[in-house]
Protein chains: 2
Amino acid sequence: MGGTPPDLESLRLLTLVAELGSLGQAAERMRISQPAASKRLTMLERRLGLTLVDRSSRGSALTTEGKAVCQWSDRVLSEMESLMAGVAALRADQDDDLRLASSMTLAEHFVPRWIGALRQRSPDVRVSLRVTNSEQAAALAAGGQIGVGFIEAPTVPPGLCSRQVGADRLVVVVAPDHPWVRRRRPIEPAELARTPLIVREPGSGTRETLERILAGIDVEPARPLMVLDSNAAMRAAVAAGVGPAVLSVITVREDLAEGRVREVPVAGVNLNRRLRAVWARGSRPAGAAELLLGIASQRLPDVDTAA
Amino acid sequence: MGGTPPDLESLRLLTLVAELGSLGQAAERMRISQPAASKRLTMLERRLGLTLVDRSSRGSALTTEGKAVCQWSDRVLSEMESLMAGVAALRADQDDDLRLASSMTLAEHFVPRWIGALRQRSPDVRVSLRVTNSEQAAALAAGGQIGVGFIEAPTVPPGLCSRQVGADRLVVVVAPDHPWVRRRRPIEPAELARTPLIVREPGSGTRETLERILAGIDVEPARPLMVLDSNAAMRAAVAAGVGPAVLSVITVREDLAEGRVREVPVAGVNLNRRLRAVWARGSRPAGAAELLLGIASQRLPDVDTAA
DNA sequence: CCCGCCCATAACCGCAGATTATTACGTCAT
DNA sequence: ATGACGTAATAATCTGCGGTTATGGGCGGG
């Protein structure tokens with residue numbers, strides 16, 4: 001009764017049944033035969049141990065439970081679509097209409113979604129994406145190799161125009177059993193600077209922002225406890241109790257919500273930062289690039305920037 | 001070259017390789033043989049058209065592209081985990097330690113995640129969930145049939161204690177080609193009240209909140225244009241141009257971000273509302289219920305409540 | 001130098017999931 | 001009534017994905 005995760009095709013089928021109100025039509029939309037769809041759905045219900053649809057002789061409607069599962073499925077499928085959009089962009093490395101580069105954080109959470117939205121509206125544009133760090137992305141934008149770059153650096157490098165596409169905040173995180181969790185008052189920046197931390201590699205926007213903050217303090221910063229080149233690795237290291245780290249709240253939102261790591265307040269420094277789209281001064285984005293910028297800034301991501 | 005979506009097992013394998021640094025160890029963790037893992041990964045790379053891992057004779061490390069895909073995969077897998085947690089809770093309808101009921105909106109976006117976090121920490125608690133509307137959930141809580149209910153009603157029904165677990169805002173949304181999109185000034189509440197709208201069924205928190213707002217205006221409200229009992233159906237109807245609707249910003253965030261629907265500002269009414277956990281007065285949540293409440297309110301969801 | 005760990009390839013096989021053909025059930029129009 | 005058209009379920013069959021075991025080939029450390 002452990003419950004094996006269902007495959008995405010079945011979930012997609014469920015959403016189609018919800019949308020079209022008929023199992024056969026859903027089957028047609030998926031380019032499979034009607035019996036196949038029927039069996040799949042039965043199989044899905046057996047796997048989940050739930051009755052998802054009411055079959056009547058003039059159509060099928062979702063049960064209450066079916067609706068709930070359908071909504072959760074939508075989210076899974078949506079993430080998968082983002083993944084596919086990202087992959088398509090990673091793959092098309094030439095012969096493309098719009099070249100992008102992005103820092104890790106932005107690439108992880110936003111860029112694939114924007115690309116997906118762009119492709120929905122103009123499906124024929126070829127988009128390519130390079131995932132690097134903020135420094136590299138800015139350099140590529142300045143050099144004209146890409147149309148638009150997405151960076152999270154504290155300042156806009158010279159020679160670039162920019163537009164804000166989101167907001168972010170750095171947080172100090174530790175494992176739930178770390179002594180800092182029990183503190184009653186925020187820690188002081190000086191103490192943070194003296195503590196060996198898990199940090200990203202030089203050139204990353206996160207690292208650079210951190211250094212800029214600690215540079216303002218009259219304390220010799222401690223040597224890094226560990227240098228990692230991916231946010232996921234850092235999250236795992238923090239949760240495993242290796243030590244404290246400073247990370248974008250976006251990347252650890254889930255870990256925080258589920259209690260795998262804890263946030264430690266810091267006194268008196270502004271850890272907010274802006275996420276920006278950048279492009280070479282003089283070459284105003286046009287066509288696909290313009291459209292993408294519109295999508296990206298049309299609705300700024302909701303981020304908790306409050307203390 | 002359309003690109004078939006990969007199966008979740010392969011994505012999981014990728015994340016395990018990233019975590020463990022070795023294909024063989026990842027295979028072991030997944031309870032499959034090493035050759036199977038090797039073949040799967042090769043297959044995945046062929047499917048996506050990308051080189052994801054650098055195989056060396058003393059381990060495997062992800063390429064830059066591999067890291068990006070791995071992060072996107074994490075999100076897909078995380079949503080699937082939520083789905084499974086939700087399904088497990090829907091299924092266990094008796095013989096359980098903690099009974100929950102939730103409105104649609106909360107059930108869609110938050111409750112499965114909280115349940116998942118709860119199960120991670122104490123895997124042996126049996127949780128059950130009923131998905132209804134706010135009115136029903138509150139009634140179940142008041143009647144003692146459930147331990148905790150999650151509602152989005154504007155007021156706390158009598159006889160219940162509550163605790164805020166999130167914030168939300170209602171928005172007026174229309175299709176991108178609706179005349180309201182072109183307006184330069186916010187629409188007046190009276191005009192909204194006079195317009196036939198797509199609404200949820202009576203008893204839903206969304207409907208109730210809307211009626212409470214429109215009741216404050218000295219205008220006879222128009223009859224509904226269409227009554228639907230699921231947020232997804234409303235989103236589809238709005239996007240299809242059926243008419244305007246008033247929905248939780250949470251449910252339409254993606255549609256807004258990707259331009260499928262547009263938000264129409266409303267003048268002079270407060271559309272914010274609180275998402276609450278409720279329980280019967282007198283029976284303070286204990287045990288699993290207490291833990292879940294802690295998880296839910298430990299970190300309030302980041303929601304854009306600003307105008 | 002050989003033994004360990006890593007990964008890839010080969011040959012085999014079982015089962016999930018597709019197909020077509022057929023049955024059964026309701027609704028509606030004639 | 002009755003047949004036409006929609007719905008979905010069942011039966012029989014087959015293909016191929018994804019698993020297994022067995023084996024071979026680099027590379028590093030004791």
Side-chain angles (χ1 to χ4, degrees), chain A residues 1-63 65-66 69-70 73 77 80, chain B residues 2-63 65-66 70 73 76-77 80 84:
Chain A
M1 195 175 283
T4 317
D7 62 308
L8 298 186
E9 305 300 316
S10 302
L11 299 185
R12 171 81 183 136
L13 177 64
L14 181 67
T15 65
L16 282 175
V17 171
E19 184 184 333
L20 302 172
S22 148
L23 217 161
Q25 286 177 41
E28 186 182 7
R29 188 73 76 86
M30 285 189 74
R31 318 305 204 82
I32 64 176
S33 67
Q34 174 268 322
S38 172
K39 218 170 57 164
R40 272 204 104 111
L41 198 54
T42 309
M43 184 64 180
L44 177 64
E45 288 180 314
R46 225 170 46 76
R47 284 262 262 283
L48 302 184
L50 294 171
T51 302
L52 300 175
V53 313
D54 278 331
R55 284 98 153 150
S56 91
S57 111
R58 66 184 170 294
S60 301
L62 298 204
T63 63
E65 293 154 351
V69 174
C70 181
S73 301
L77 294 170
M80 181 56 93
Chain B
T4 319
D7 63 307
L8 297 187
E9 303 300 314
S10 301
L11 299 186
R12 171 82 182 132
L13 178 63
L14 181 66
T15 64
L16 282 174
V17 171
E19 185 184 330
L20 302 172
S22 149
L23 217 161
Q25 286 178 40
E28 186 181 9
R29 187 74 76 87
M30 287 189 72
R31 318 305 203 84
I32 63 176
S33 67
Q34 172 268 321
S38 173
K39 217 167 57 165
R40 272 203 104 114
L41 197 55
T42 309
M43 184 64 180
L44 177 64
E45 288 181 314
R46 224 168 48 76
R47 283 261 261 284
L48 302 183
L50 294 172
T51 303
L52 300 175
V53 312
D54 278 331
R55 284 97 153 155
S56 93
S57 105
R58 66 185 169 293
S60 300
L62 298 203
T63 63
E65 292 154 351
C70 180
S73 301
V76 178
L77 294 171
M80 180 57 92
M84 291 306 287

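Just the heavy atoms: all of them, side chains too, but no hydrogens, waters or symmetry mates, feed the values below. Order of the sequence lines fixes the chain letters, A, B, ..., with proteins taken first and strands second; residue numbering starts at 1 for each chain. All values reported here derive from a predicted model rather than from experimental measurement.
Atom P of nucleotide D:dT7 and atom CG of A:Asp54 are separated by 17 Å, given to the nearest angstrom. Atom P of nucleotide D:dG29 and atom CZ of B:Arg58 are separated by 8 Å, given to the nearest angstrom. In this structure, A:Glu28 places its CD atom 12 Å from P of D:dA8, rounding to the nearest Å. Here the P atom of nucleotide C:dA16 and the CG atom of B:Asp7 are 16 Å apart, to the nearest Å. Note: CZ (A:Arg31) to C1' (C:dT19) measures 16 Å, nearest angstrom. Between A:Gln34 atom CD and C:dA24 atom C1' there is a gap of 12 Å when expressed in whole angstrom units. A straight line from CZ of A:Arg47 to P of C:dG17 spans 6 Å, rounded to a whole angstrom. Look at CE on B:Met43: it is 13 Å from P on D:dG16, rounded to the nearest Å.
Remark: A:Glu28 CD is loosely packed, at most 12 non-hydrogen atoms of other residues, nucleotides or ligands lying under 6.0 Å away. No more than 12 heavy-atom neighbours from other residues, nucleotides or ligands sit within 6.0 angstrom of CZ on A:Arg29.
Set against D:dG6, C:dG17, D:dA8, the side chain of A:Ser57 has D:dG6 as its closest nucleotide. Comparing C:dT9, D:dG19, C:dA18 by their nearest atom to the side chain of A:Lys39 picks out C:dA18. The side chain of B:Arg55 lies closest to C:dA8 when the candidates are C:dA8, D:dT7, C:dC6. Nearest nucleotide to the side chain of B:Ser33, out of D:dG18, C:dA18, D:dT20: D:dT20. Of the candidates D:dT10, C:dC7, D:dT20, the closest approach to any side-chain atom of B:Leu23 belongs to C:dC7. Out of C:dT19, D:dG19, D:dT10, the shortest distance to the side chain of B:Ile32 is found at D:dG19. Here D:dA22 is the nucleotide among D:dA22, C:dC7, D:dT7 with the atom lying nearest to any side-chain atom of B:Pro35. Nearest to the side-chain atoms of B:Ser22 among the listed nucleotides D:dA8, C:dC6, D:dG6 stands C:dC6.
In this structure, B:Arg40 reaches the D:dG19 phosphate: one of its side-chain N or O atoms is under 4.0 Å from OP1 or OP2. Applying the 4.0 Å criterion to OP1 and OP2 of C:dC7, one finds that B:Ser60 has a side-chain N or O inside that range. In this model, the phosphate group of C:dC6 is approached by a side-chain N or O of B:Gln25 to a distance below 4.0 Å at OP1 or OP2. Taking 4.0 angstrom as the limit, A:Ser38 places a side-chain polar atom (N or O) nearer than this to OP1 or OP2 of D:dA9.
Results of the side chain to side chain contact (heavy atoms under 4.5 Å, CB included) test with A:Leu52 over A:Leu62, A:Leu44, A:Val17 single out A:Leu44 as the only residue that passes.
Contact detail for B:Arg47 and B:Pro6: the closest heavy-atom pair is NH2-CA, 4.0 Å.
Rounding to the nearest 0.5 Å gives a distance of 8.0 Å between CG of B:Leu23 and OG1 of B:Thr42.
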